[in-house]
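Read through the structure below, which is laid out as structure tokens, and then see the notes.
Side chains included, hydrogens not; waters and symmetry mates left out as well; all remaining heavy atoms used. Numbered from 1 within each chain, the chains take letters A, B, ... in sequence-line order.
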Amino acid sequence: MSLEEMYREVILDHYRNPRNRDPLDHVDATAEGNNPLCGDEVTIEVGLDGDTVQAISVRGQGCSISQASASMMSKAVLGKTEKEIAEITDTFKKMMGVIETDDVVVDEERPGATLGDLEALQGVRKFPVRIKCADLAWTTLEEALNP
Amino acid sequence: MSLEEMYREVILDHYRNPRNRDPLDHVDATAEGNNPLCGDEVTIEVGLDGDTVQAISVRGQGCSISQASASMMSKAVLGKTEKEIAEITDTFKKMMGVIETDDVVVDEERPGATLGDLEALQGVRKFPVRIKCADLAWTTLEEALNP
Amino acid sequence: MTDWAAIRADFPILSREMNGYPLAYLDSAATSQKPQAVLDAITDFYSTTNANVHRGAYSLADEATRMYEDARSTVARFIGAQSDEIVFTRGATSAFNTVAYGWALRHLTEDDRILLTIMEHHANIVPWQLVADLTGCSIEFVSITDTGRLDLDDFHHLLDEDVKLVGASMASNVLGTINPIAEIADAAHQVGALVIADAAQAVPHMSVNVYDTGADWICFSGHKMLGPTGIGVLWGRPEILDEMEPAEGGGEMITDVRLDGSTWAAVPHKFEAGTPPFAQAVGLKAAIDYLEAVGMDEVERREQELTEYALKSMAGVEGLTVYGPATAQDRVGAISFSLNDIHPHDLATILDQRGVAIRAGHHCARPLARSLNVPATARASLYLYNQESDIDALIGALAEAKELFSVA
Amino acid sequence: MTDWAAIRADFPILSREMNGYPLAYLDSAATSQKPQAVLDAITDFYSTTNANVHRGAYSLADEATRMYEDARSTVARFIGAQSDEIVFTRGATSAFNTVAYGWALRHLTEDDRILLTIMEHHANIVPWQLVADLTGCSIEFVSITDTGRLDLDDFHHLLDEDVKLVGASMASNVLGTINPIAEIADAAHQVGALVIADAAQAVPHMSVNVYDTGADWICFSGHKMLGPTGIGVLWGRPEILDEMEPAEGGGEMITDVRLDGSTWAAVPHKFEAGTPPFAQAVGLKAAIDYLEAVGMDEVERREQELTEYALKSMAGVEGLTVYGPATAQDRVGAISFSLNDIHPHDLATILDQRGVAIRAGHHCARPLARSLNVPATARASLYLYNQESDIDALIGALAEAKELFSVA
Ligand SMILES: Cc1ncc(COP(=O)(O)O)c(C=O)c1O
Ligand SMILES: Cc1ncc(COP(=O)(O)O)c(C=O)c1O
């Protein structure tokens, strides 16, 4: 298990320079999530155009993994339809081992290949205690979109 | 440790034919005692003439040791002054090991020699769990006389 | 075929001598003995994995948390429940009090009634008396028949819409009687009452599925089922646990604590204030693993066999009266009795001198003792590690007791 | 001279490796590790003497009862109290709740106030919030100074005749601060308030005499002082315990149970409903025997030495902030800190990879975290079995963490 695999440069960048933090003027869907064990918090606001996420705001506090995951997620889902987002979420959760899978679509070697930046979170999988941190934003987004 | 030493004939006699059970018409002092651990109960009523116990009633329910001790006690203290009773009580409690002593007055071999029938309770001393049973009536009498 | 002699050999204390005789431990209804596997599980946990649960971001704490939660899943599976319906408490008594403060105190009023059976253990009486004292609700008791069974006519007679809670033991620790809990629960639900079942003498001795009982809450203790002291279980229907308030406040049961109030964690954590008995949970899991390896059906069958043997042997003792059902059917192996006019404490002392450990007293069920009109009884109670020779030792010692008391 | 290396060797878990490194256990404020002597005492008890206490008229039960009561006397002597002032509970949290339900619920009204310090653990906050909810009384918090000490001016300012209860920790589990409990108690008594002291971080680490504290109740946990989980202690002044109502109802805490109400056993049994954690009491006694063999003064001295070493080493780490007193004087070895912008959970994970176990979070003291304006801190906490090398491992791993986080 290598710490370097978890604390990749791109993760620390998102932690220190989180994207899409500005509150939205018009909110169509929102949810708050927290991880009572470690205190991580995330608040998500979504602006919809039909079923496309045309604006998103992700704010919170917590460890680098939870905050970076939230920031990267906001980038990944912006402009996507709810169906596309469900697919990304599914792929992400499979990569993290949150959803068990023997789905051949996922590349064994690089199960996050379709996720771009988010693939950097793969290293977290080796730290079971921290998987919930990475997952928090995603579960919260699901709640916002399917209240 | 011999059971026969504890369950002497005189004890079983007092258990089955308890003395001085009739309620008194005139009660000068009274107390109730119970042993919450095993449920033994004793109620004592005393009629006084000056500081002499001229009447006593001892009622209760419980094991043979508690009830026999109460019955024998009622015989032993009837007609005695409070001072004499205090002495008998002291001797009894020393015999039972309830009061520690290296008092030479007590005959090492027969510490209860001055107690008559009550001496039969000596065998209880070897059964620590049951000493409280033997002691119950005496402690209750003390409470009745020194409320 | 289970090798019962091998099972007995798993319990270190049972090879002990007592007053010069082999120990015949016949007080398992008070507390059970522990197999080596349970002792090892506890020692191993403290020696390799001990860390406070749900608190640490380090591996040791994570391991400890997994083991604690794994114990919860084991308990859940054992009684046919889901993990998040299992609340770990200090013991059965604490489980009752959790419902008393978390539900009854906040739901009952002067107009409401609680219906209990007269054979309840104090653990399923006194908490409700405390609640009655604070809320003004009243309590009534269902009586029993001459054969030591619950008087169902009386139950149906006393049950009406004012009854908001019915408390009944699944098996009596004094009479051994197994109560028809599903029938009781059915009737109670029909008038809108909830049902709390005392499973302290049931879960250790038979296969229990909480949903089959029909009860809304079930309480039992770890120490009576081969597990350590200091842990018990409250099971509750999820929707009821959900709306209950916590009884105790403290760490780990909150989502947030603010100066002007707090918000509660999800069930079951809401009910587990402070550091839980996590090492005891690990021990309880080992106890359940042990029981499951034997098989609960097999445990029940063996205990019935022993109970039958005991009842038959006791029937042969002149002057002996058994309180409770006289046959092994629909009863567990807690057998209360008296012998002539020999007081139960005298009996216990005499038996003890022959290595036979039985209990004497009101067995924390004074209302029952009063209704039977016996202030105290002797009780022999059985578990899977007992054998016929324990019962033979009991019968032999009873004969000696009669001898001793025949003098006068 | 105490042989601290030999002491460390008494704790089996401390020879464990963690992620390829020697385990540096720095989370004793959450729970302590156990010496072999404590594990042996528990195993021996179950293997030779296990029987339910206060219940049996047979020798085994008598032995078990004596050991349980002997544990009570040991605890009493350890804190300068009498045996019948010692109530065994599930833990410190349960002890607070016993006072909340047994005293506060029945004594406080809308007009009354409870005064707590802002550095209290949730265990000394949430029970009072539950009481406030039921009684309408209000709660106020005394703030702290910039150096992490209790603001005594604020305390005296907030204290008036409406205050009926003052709750204060003897030592903070976050800041390490030792509070002047005798001075607090004195002032509280002058306005007629009673005082409950949280001794969970005090009794394990220093010699405590309950009467010297001036408090009316004191609460602590066995598992933080080398003992097993599942047991804690409530000490109270006898005249106060006497007039308190029991919190929990059940067996063993009654003198009689009648259909229309019950009467309570004498203190301390009144507060010990049901089967108590008797095996855990035996373990706690072994823990106290162990601590007394080392000597509490010696334990305190050693911990001060280690705390000083830790504070000095941490002062050398650039970017590190310590919350709480910066010197070892009037503080215990619970040291909360942060490092640059590295979140405490990241820190804990990184340290864990080097075998260093520290805690990260709000440490069950969210009001304090809010007042410090840090949602989470890292915390290293020390006990007698730690050694300088544990602190060196911490410092080394902190440097690595900075390295890792310096990339961006
Ligand atoms: C200061 C303080 N008070 C109370 C507690 C609560 O103790 P427990 O969780 O053992 O009940 C703790 C420990 O968590 C503590 O550190
Ligand atoms: C039927 C029954 N209910 C409740 C209890 C209480 O269990 P505990 O003392 O472990 O809390 C007991 C055991 O004493 C029991 O036999």
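For C:L116, no part lies under 4.5 angstrom from a heavy atom of chain D. When heavy atoms are compared at a cutoff of 4.5 Å, D:L105 approaches chain C solely by way of its side chain, counted from C-beta outward. For D:I139, no part sits under 4.5 Å from any heavy atom of chain C, backbone or side chain. For C:E63, the part lying under 4.5 angstrom from a heavy atom of chain D is the side chain only. For D:D40, no part lies under 4.5 angstrom from a heavy atom of chain C. Residue C:S32 touches chain D through its backbone alone, counting heavy-atom pairs closer than 4.5 Å. Only the side chain of C:L23 comes within less than 4.5 Å of a heavy atom of chain D; its backbone N, CA, C and O stay farther away. Only the side chain of D:I118 comes within contact range of chain C, judged by heavy atoms closer than 4.5 Å.
Contact count versus chain D (heavy atoms, under 4.5 Å) is highest, among C:S15, C:S94, C:A369, for C:S94. Contacts with chain D were tallied for C:S262, C:A365, C:G250; C:G250 has the most, counting heavy-atom pairs under 4.5 Å. Of the listed residues (D:H363, D:Q33, D:M18), the one with the most heavy-atom contacts under 4.5 Å to chain C is D:Q33. When each of D:L14, D:N97, D:L347 is checked for heavy-atom pairs under 4.5 Å with chain C, D:N97 comes out on top. The residue among C:A357, C:A123, C:A348, C:A279 with the most heavy atom pairs within less than 4.5 Å of chain D is C:A357. Across D:A273, D:S138, D:P246, the residue that shares the most heavy-atom pairs under 4.5 angstrom with chain C is D:A273. Of all the listed residues (D:G232, D:P127, D:G249), the one sharing the greatest number of non-hydrogen pairs under 4.5 Å with chain C is D:G249. The candidate with the highest count of non-hydrogen atom pairs below 4.5 Å against chain D, out of C:F141, C:F96, C:F11, is C:F141. Your options are D:I125, D:L134, D:V131, D:N124, and the one with the most heavy-atom pairs under 4.5 Å with chain C is D:L134. Heavy-atom pairs under 4.5 Å with chain C were tallied for D:L130, D:L39, D:L259, D:T43; the largest tally goes to D:L259.
No side-chain heavy atom of C:T275 sits less than 4.5 Å from a side-chain heavy atom of D:T31. When side chains are defined from C-beta on, D:V126 counts as touching C:W264, because their heavy atoms get closer than 4.5 Å. Side-chain atoms of D:V257 and C:P367, non-hydrogen and from C-beta on, do get closer than 4.5 Å to each other. Considering only heavy atoms from C-beta on, D:D256 comes within 4.5 Å of C:R370 through its side chain. A heavy-atom distance below 4.5 Å is found between the side chains of C:I13 and D:L60.
A donor-acceptor pair under 3.5 Å is absent between the side-chain atoms of D:Y25 and the main chain of C:A51, judged by distance alone. Without hydrogens or angle criteria, D:N52 side chain to C:S28 main chain gives no donor-acceptor distance under 3.5 Å. Using modelled atom types, no side-chain atom of C:R90 and backbone atom of D:G91 make a donor-acceptor pair closer than 3.5 Å. No side-chain donor-acceptor contact under 3.5 Å links C:R16 to the backbone of D:S47. With hydrogens and angles ignored, the 3.5 Å screen pairs a side-chain donor or acceptor of D:Q129 with a backbone N or O of C:R258. A donor-acceptor pair is defined here as one N or O able to donate and one able to accept, closer than 3.5 Å; no such pair exists between the side chain of C:Y46 and the backbone of D:P228.
One distance of note links OG1 of C:T229 with CZ of D:F45; it measures 7.5 Å at 0.5 Å rounding.
Contact between C:C364 and D:E252 at its shortest, heavy atoms only, is SG-OE2, 3.4 Å. In terms of heavy atoms, C:G230 sits closest to D:P277 at CA-CB, 4.1 Å. Smallest separation of non-hydrogen atoms from C:K34 and D:N50: CE-ND2, 3.7 Å.
Between C:Y58 and the choices D:D27, D:L26, D:I358, D:N19, the side-chain contact (heavy atoms from CB on, under 4.5 Å) rule is met once, by D:D27.
Between D:T93 and C:E248, the side chains place no donor N or O within less than 3.5 Å of an acceptor N or O (distance only, hydrogens not considered).
In this structure, D:F278 and C:H223 have perpendicular ring planes: the angle between them is above 60°, well past the 30° mark.
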